[in-house]
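Reviewing the structure listed below.
As the structure is a prediction and not an experimental result, all values here were calculated from the model. FYI, the numbering just counts along the sequence from 1.
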Amino acid sequence: MAKSRIPDPLARRHLIERELDPSRALRIAEAYLEEGRAFEAAQFLQKAGASERLEALWTEALRSGDAFLLRTLAGLTGREPTRDEWRALAEAAAAEGKERYAVEARRQVERGED
């Protein structure tokens, strides 16, 4: 079995907590993305200053109905999802059978309305 290129959980925590060269952070993010682990990749993309890649993950979170990833990205970028984005996420989540995420997104839509 090939050795994973991603750090173990303790090493990951240490890497997140310290200064990291942007190119190294980007390599680590790519390794996480290759394994389908967008949540972990997001933190390293932020450390790498890879705003375009974070935006692509934002779009992917909306498309796949992943409220958890969207909230993570909002925290990392300081950008709040719009009501329209929450609506889109709710529809995508429902279509994917992610009912918990759909409920969360609908709640955010209602919360945002006056």
Side-chain angles (χ1 to χ4, degrees):
M1 178 189 266
K3 183 179 179 198
S4 175
R5 293 183 17 222
I6 62 173
D8 64 61
L10 183 59
R12 178 183 165 275
R13 185 171 129 207
H14 289 271
L15 289 167
I16 290 296
E17 291 175 352
R18 67 181 180 136
E19 285 293 318
L20 194 59
D21 178 66
S23 62
R24 183 168 182 213
L26 188 57
R27 284 192 307 274
I28 294 168
E30 293 291 340
Y32 276 114
L33 289 170
E34 286 175 17
E35 293 195 18
R37 297 174 64 174
F39 173 77
E40 291 96 337
Q43 293 175 307
F44 288 100
L45 289 172
Q46 193 252 352
K47 286 185 87 58
S51 57
E52 290 178 9
R53 297 297 302 276
L54 287 167
E55 184 63 32
L57 274 185
W58 186 284
T59 300
E60 177 59 24
L62 294 174
R63 187 199 62 72
S64 66
D66 192 333
F68 184 73
L69 180 57
L70 187 64
R71 282 204 174 280
T72 298
L73 293 167
L76 290 172
T77 63
R79 173 181 163 198
E80 287 298 316
T82 66
R83 278 185 271 162
D84 286 341
E85 287 173 322
W86 280 119
R87 279 187 197 100
L89 189 136
E91 290 173 14
E96 293 288 324
K98 299 174 182 174
E99 195 55 37
R100 179 175 256 178
Y101 287 164
V103 168
E104 169 65 16
R106 288 185 200 111
R107 190 170 77 234
Q108 293 302 319
V109 169
E110 291 170 6
R111 174 184 271 174
E113 294 177 346
D114 296 335

Which residues pass the salt bridge (charged side-chain N to carboxylate O under 4.0 Å, His left out) test with R12, sequence neighbours left out?
none
Rounding to 0.5 Å, atoms CG (L54) and CD (Q46) come to a distance of 7.0 Å
Go through the structure and list residues passing side-chain hydrogen bond (donor to acceptor under 3.5 Å, both in side chains) with R24, not counting sequence neighbours.
none
Results of side-chain contact (heavy atoms from CB on, under 4.5 Å) for A95 - residues two or more places apart only
none
Please list all pairs passing the side-chain hydrogen bond (donor to acceptor under 3.5 Å, both in side chains) test where one or both residues lie in residues 89-100, with sequence neighbours left out.
E99-R106
Residues clustering with Y101 (ILVMFWY side chains joined when closer than 4.5 Å, directly or via others)
F39, F68
Contacts of E34 that satisfy salt bridge (charged side-chain N to carboxylate O under 4.0 Å, His left out) - sequence neighbours left out
R5
Mind checking side-chain hydrogen bond (donor to acceptor under 3.5 Å, both in side chains) for E40 and listing every partner two or more places apart, or none if nothing turns up?
R37
Tell me every residue that passes salt bridge (charged side-chain N to carboxylate O under 4.0 Å, His left out) with R13, counting only those two or more places apart in sequence or in another chain.
E17
Pairs involving residues 77-99, ordered by first then second residue, that meet ring-ring contact (aromatic ring centres under 6.0 Å, His included) (sequence neighbours left out):
none
Checking E80 now: which residues fulfil salt bridge (charged side-chain N to carboxylate O under 4.0 Å, His left out) with it, not counting sequence neighbours?
none
What distance do I16 atom CD1 and Q43 atom CD have between them, rounded to the nearest 0.5 Å?
4.5 Å
Run the side-chain hydrogen bond (donor to acceptor under 3.5 Å, both in side chains) test against D21 and tell me which residues pass, sequence neighbours left out.
S23
If you group Ile, Leu, Val, Met, Phe, Trp and Tyr whenever their side-chain heavy atoms sit less than 4.5 Å apart, what else falls in with L10?
none
